[in-house]
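Heads up, the thing below is written out as structure tokens.
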Amino acid sequence: MARLPAGSRAVVVLEGSTMSDEVYDFEAIQARWLPVWDDIAPFRSGRPDDPRPKKYVLDMFPYPSGDLHMGHAEAYALGDVIARYWVQRGFNVMHPIGWDAFGLPAENAAIKRGADPRAWTYENIATQKASMRRYACSFDWDRVLNTCDPEYYRWNQWFFIEMFKRGLAYRKASAVNWCPSCQTVLANEQVVQGLCERCDSVVTKKKLTQWYLRITDYADRLLDDMAQLEGTWPEKVLLMQRNWIGRSTGAEVHFAVEGRTEPVTVYTTRPDTLFGATFFVVAADSELAAELAAGTPAEPEFLAYLERTKQASEIERLSTERPKTGVFLERYAINPVNGERLPIYAADYVLADYGTGAIMAVPCGDQRDLDFARAYNLPVVNVIESDTDPNETGVAVTGDGRHINSGFLDGLGKAEAIAAMTAWLDERGLGTASTNYRLRDWLISRQRFWGTPIPIIHCERCGEVPVPAEQLPVTLPEARDLDLTPKGASPLGAADDWAIVTCPTCGGSARRDPDTMDTFVDSSWYFLRFLDPSDETRAFDPEAARQWFPVDQYVGGVTHAILHLLYSRFFTKVMHDMGLVEAVEPFTRLLNQGMVLMDGSAMSKSRGNLVRLSDELATHGVDAIRLTLVFAGPPEDDIDWADVSPAGSKKFLARAWRLAGEVQAPVGADPRTGDLAVRRATARALHEAAQAVESYRFNVAIAKTMELVNVTRKAIDTGAGPADPAVRAAVEAIAIMLSLVAPYTAEDMWARLGHEPSVFLAGWPAVDPALLVDDTVTCIVQVAGKVRGRLEVPADITADALQELALADVDVQRSLAGRAVRTVVVRAPKLVNIVPEA
RNA sequence: GCCCUUGUGGCGGAAUGGCAGACGCGGCGGACUCAAAAUCCGUUGUCGCAAGACAUGUGGGUUCGAGUCCCACCGAGGGCACCA
């Protein structure tokens, strides 16, 4: 075909299109379509007669602090691609959004500026909701929920009571994080490097009575059910959850203690090293330590040590380099296998709340025990054969090995020795096989205002009495009457009007529990409330759950890899046991998007590298920003805003949009009568883009769309021309592909092409498989693995014919330079590799 | 310390064991313009006039053929960190 001189396209456009003088005006396009979509609500889901198969696509809902930012923009753009894709593929997609609206920032704003947390929260929600609408995600706006609405949190309370009835919610006293300056309990996530995140005070421990959920009962199921998520959740997240749950197997061993009637039990993963136990350690802050020390000459020293331990900051405690310290309690335990007297120490390197809070110390095989033994001149008995002596090197022998100095275990390896010792202990009632977990029960009570009130009434006569179901929700009192400044006790406790009630059981005077729930409770089941956020009779309809649950695709940040996802999995299993849901896992597939950075680091006001989403949207338009975020790279990777080009995205969108104004073939023109090359390019782009989207390679899907735009541009300018029906089909395909990521541009193109809204419901065009196969292909001919020639051959060429052709090739012959051919590898029709004699 | 992930042009990134660098950003040259912006066309891994050679962190290995698989090392990022 004739190559037209540069610049000739302008002539074609002037002759061929009445729209050629229009420019891509994203503001006008946004203004044009947003009201139309509000009107036709293309993403309303859940009509009972909908015959389409379902998909539940869920984005982690935002916390309403200020307006949306770049991170939100990326996450929601990615989730939207997936949701919109499945709509185009003919699924009944539920894609809801809501607000995770309880939490500390609202209270902090109240304390700092006197704002009402409720008003502050709802204002922010309104701001974010407006931004979200403009951002044009395919959310079903009839399903919005806010966790701070009493209509929502009453069901938190209902679940809490159900769990309380099942023994899954309970109160106990234990040491919790405490900020002496803020006078409040802190959640683990509020302790940053051992310091309070608000005031930078050193966090200490304090013994307090708190509410817990018995997640440890579900440890095995949380661990074992992960097999179902293998391959559909990021391996990293599964690994982090496994580590967090931290299941270990070993044995409990009972040690007699001189002067004590009851034996003391320890947990060990290495019962096989029992012959190497040379001393015994109890956690300094355990009740057992206090009991053992009581009345001994060591008691004063122990008490002083305990005091120092309590003062020790988190920073010190977390340091592994810290030298081991402890106090000899002047008491002895008896090693059950050989009757040796083991001195008992109290030390802070043993944790009170793991295992039994006491250990047998085997210095030859445990680094910590060895460190302690060397610090306190305690004997080391080697029980695992090794070239090195731990007592000399200071390095414990931790792996497998032949047992020595171990009586009946001598000569055995680790696995056999563990089995033999466990059996030996079991027979004599001295011990038993046992499993332990690092996972602790979930502390859910907070001494804070802006959260779900714990629906328990404390009655002096009846104890902990759940609020009767018909009295739910227990709503929060007005904030303005309360002092929200943290003082170590919940502000709700001071609201006598609210707190003093009659006991539901005995009718006597009683008080409401003053604490509120951890906000992670709110987010542990919100995905089920979306089934019908307005249901006043129950948390959700089990029948609807059967239809929609589990979530097919969950999208959110990896920051929630452990807590939120673990808690949601836990809640789902509890609800399964309650007969409310069939599934045991809430999220079938999980996608963790990366972060949006600026100049290599996270954006923050203090760093001065904040890129404001609203500014970017105003400058480049919604579509260009969404496109930029999705095209930047694989969704899991971080995006450095300094590396990407929203202006380039806008340029591409304008280029695509202009095509729609140039198409001259009428609506409905049969593309099969059009240009074959354009038809092939269109089919390939649709096919490859679909595959890319389904494997999370959204950036590649966009690249395929760009390729089709380039092909179509050339076809209009120098090929088939604007009146070719295949060109129309190509531009329509571009509009549909673009609808996943650039909804405004796509809808406007669709209208310019003469269609009614909405392009979102146009459907992914069917691809004729015949168009994906070319008649001829380029065959690569290699000599000794290096490309030496290319052959245009029929796609169905036989291996023999191809080999003959390749050997006859001039370039090949020249490369061979007379050398004899040893072998020829033929992969018809794409490749021939000719291997010459050396 | 332990575990995981990851190293490809100036940059973001493509690539079922089969043409490395798709697509884009940036750069360069040109067209249009009084001029600029916008737009369009061409070009762009390195060295070399060219033929060609060299190129996916480094070194080995498997293979007809390795960015891709295996081993070792180096660098970057992340997770866990007294859990007995």
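Fair warning: this is a prediction, and the values are worked out from it, not measured in the lab. Every chain is numbered from 1, with letters handed out A, B, ... down the list of sequences.
The CD1-P distance, from A/I245 to B/rC3, rounds to 20 Å in whole Å. Rounded to an integer number of Å, the gap from CZ of A/R713 to C1' of B/rG42 is 16 Å. Taking atom CH2 of A/W641 as the reference point, atom C1' of B/rC25 lies 13 Å away to the nearest angstrom. One can place CG of A/N592 at 19 Å from P of B/rC4, the figure rounded to the nearest angstrom. B/rC82 atom P lies 14 Å from atom CD of A/Q367, rounded to whole Å. Rounded to an integer number of Å, the gap from A/L653 CG to B/rU39 C1' is 15 Å. Rounded to an integer number of Å, the gap from CD1 of A/I834 to C1' of B/rG18 is 14 Å. Between A/M706 atom CE and B/rA22 atom C1' the separation is 12 Å, expressed in whole Å.
Nearest-nucleotide mapping onto RNA chain B: of A/T778 and A/N436, the residue sitting toward the 5' end is A/T778. Of the two residues contacting RNA chain B, namely A/A703 and A/M240, the nearest-nucleotide position lying further toward the 5' end is that of A/A703.
Residues satisfying the side chain to side chain donor-acceptor pair (under 3.5 Å) test with A/S406, not counting sequence neighbours, are none. With sequence neighbours left out, the salt bridge (charged side-chain N to carboxylate O under 4.0 Å, His left out) criterion links A/E707 to no other residue.
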Polar-atom pairs under 3.5 Å, protein N or O versus N or O of nucleotides 62-64 of chain B: list them with distances, or write none.
| residue | atom | partner | partner atom | Å |
| --- | --- | --- | --- | --- |
| B/rC64 | O2' | A/N833 | ND2 | 3.3 |
| B/rC64 | O2 | A/N833 | ND2 | 2.5 |

Protein-nucleotides 5-9 of chain B N/O pairs closer than 3.5 Å?
none

Open item on the list: As a check on the pairing definition, encode RNA chain B in dot-bracket form, counting Watson-Crick and G-U wobble pairs whose two distances are under 3.5 Å, and using | for partners outside this strand.
Closed with: (((((((..(((.....[....)))((((((.......))))))(((....)))..(((((..]....))))))))))))....
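Among B/rA15, B/rC25, B/rG12, the nucleotide with an atom closest to any side-chain atom of A/V700 is B/rA15. Looking at the side chain of A/R655, the nearest of the listed nucleotides B/rC40, B/rC4, B/rC19 is B/rC40. Of the listed nucleotides (B/rA81, B/rA84, B/rC23), B/rA81 has the atom at the smallest distance from the side chain of A/R438. With B/rA84, B/rU39, B/rG79 as the candidates, the nucleotide lying closest to the side chain of A/Y354 is B/rA84. Listed nucleotides B/rC19, B/rC25, B/rC80 differ in distance to A/S645; the shortest reach to its side chain belongs to B/rC25. Picking from B/rC23, B/rA14, B/rA84 the nucleotide with the shortest atom distance to the side chain of A/F631 gives B/rC23. Taking only side-chain atoms of A/N710, from C-beta outward, the nucleotide of B/rA84, B/rU39, B/rC23 with the closest atom is B/rC23. The side chain of A/I562 lies closest to B/rC80, out of B/rA22, B/rG24, B/rC80. The side chain of A/R697 lies closest to B/rA15, out of B/rA84, B/rA15, B/rU39. Considering only the side chain of A/R790, B/rC19 comes nearest among B/rC23, B/rA84, B/rC19.
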TODO: Please test A/Y24 against A/I29 for side-chain contact (heavy atoms from CB on, under 4.5 Å), starting from the C-alpha separation and ending with a verdict.
DONE: CA-CA 8 Å; A/Y24 177 74; A/I29 295 172; 3.7 Å; yes
Task: Test log, rule salt bridge (Lys or Arg N to Asp or Glu O under 4.0 Å), inputs A/D811 and A/R814 - done: CA-CA 5 Å; A/D811 293 327; A/R814 197 183 33 168; 3.3 Å; yes
TODO: Please report the C-alpha distance between A/T432 and A/L425 in whole Å, then the side-chain angles of each, then the deciding distance to 0.1 Å, and finally whether the side-chain contact (heavy atoms from CB on, under 4.5 Å) criterion is met.
DONE: CA-CA 7 Å; A/T432 177; A/L425 290 167; over 6 Å; no
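Between the side chain of A/Q782 and the main chain of A/V835, no donor-acceptor pair closer than 3.5 Å is present.
A gap of 39 Å separates the P atoms of B/rG30 and B/rU16, to the nearest Å. Nucleotides B/rG77 and B/rG10, compared at atom C1', are 23 Å apart to the nearest Å. Nucleotides B/rC23 and B/rG42, compared at atom P, are 12 Å apart to the nearest Å. As rounded to the nearest Å, B/rU39 and B/rG24 have P atoms that lie 14 Å from one another. A distance of about 16 Å separates the C1' atoms of B/rU5 and B/rG57, rounded to the whole Å. The gap from the P atom of B/rU8 to that of B/rA84 amounts to 38 Å, rounded to the nearest Å. Nucleotides B/rG78 and B/rG9 place their C1' atoms 27 Å apart, quoted to the nearest Å. Using atom C1' as the reference point in both B/rU56 and B/rG17, the two lie 15 Å apart (nearest Å).
In this model, a side-chain donor or acceptor of A/K324 finds a partner on the base of B/rC82 within 3.5 Å.
Between A/Y349 and B/rA84 there is no side-chain polar atom (N or O) within less than 4.0 angstrom of OP1 or OP2. A close approach under 4.0 Å does not occur between any side-chain nitrogen or oxygen of A/R788 and OP1 or OP2 of B/rC19. Close to B/rG12, at under 4.0 Å from its OP1 or OP2, lies no side-chain N or O of A/N699.
Contacts classified as side-chain hydrogen bond (donor to acceptor under 3.5 Å, both in side chains) and involving residues 630-647 of chain A (residues at least two apart or in different chains) are given here: A/E616-A/W641.
Side-chain contact check for A/S434 and A/Y267: no donor-acceptor pair (N or O, by modelled atom type) lies under 3.5 Å. No donor-acceptor contact under 3.5 angstrom links the side chains of A/N436 and A/S248, judged on distance only. There is a side-chain donor-acceptor pair under 3.5 Å between A/R655 and A/N710.
If you check every strand for non-hydrogen atoms under 4.0 Å, A/V787 touches sugar and phosphate atoms only. Using a 4.0 Å heavy-atom distance criterion, A/V558 is classed as making no nucleic acid contact. Across all strands shown, A/K786 has heavy atoms under 4.0 Å from sugar-phosphate atoms exclusively, and none from any base. Within the 4.0 angstrom heavy-atom criterion, only backbone atoms of the sugar-phosphate kind lie near A/S248; the bases stay farther away.
Counting heavy atoms from C-beta on, the side chains of A/V395 and A/T388 never come closer than 4.5 Å. With a 4.5 Å cut-off on side-chain heavy atoms, A/V630 and A/L78 count as touching. In this structure, the side chains of A/F372 and A/Y345 come closer than 4.5 Å at one or more pairs of heavy atoms.
With salt bridges taken as basic N to acidic carboxylate O contacts below 4.0 Å, none links A/K414 and A/D272.
Cation-pi geometry between A/K324 and A/Y349 is satisfied (NZ or CZ under 6.0 Å from the ring centre, within 45° of the ring normal).
In this structure B/rG9 sits in the syn conformation; its chi angle is within 90° of 0.
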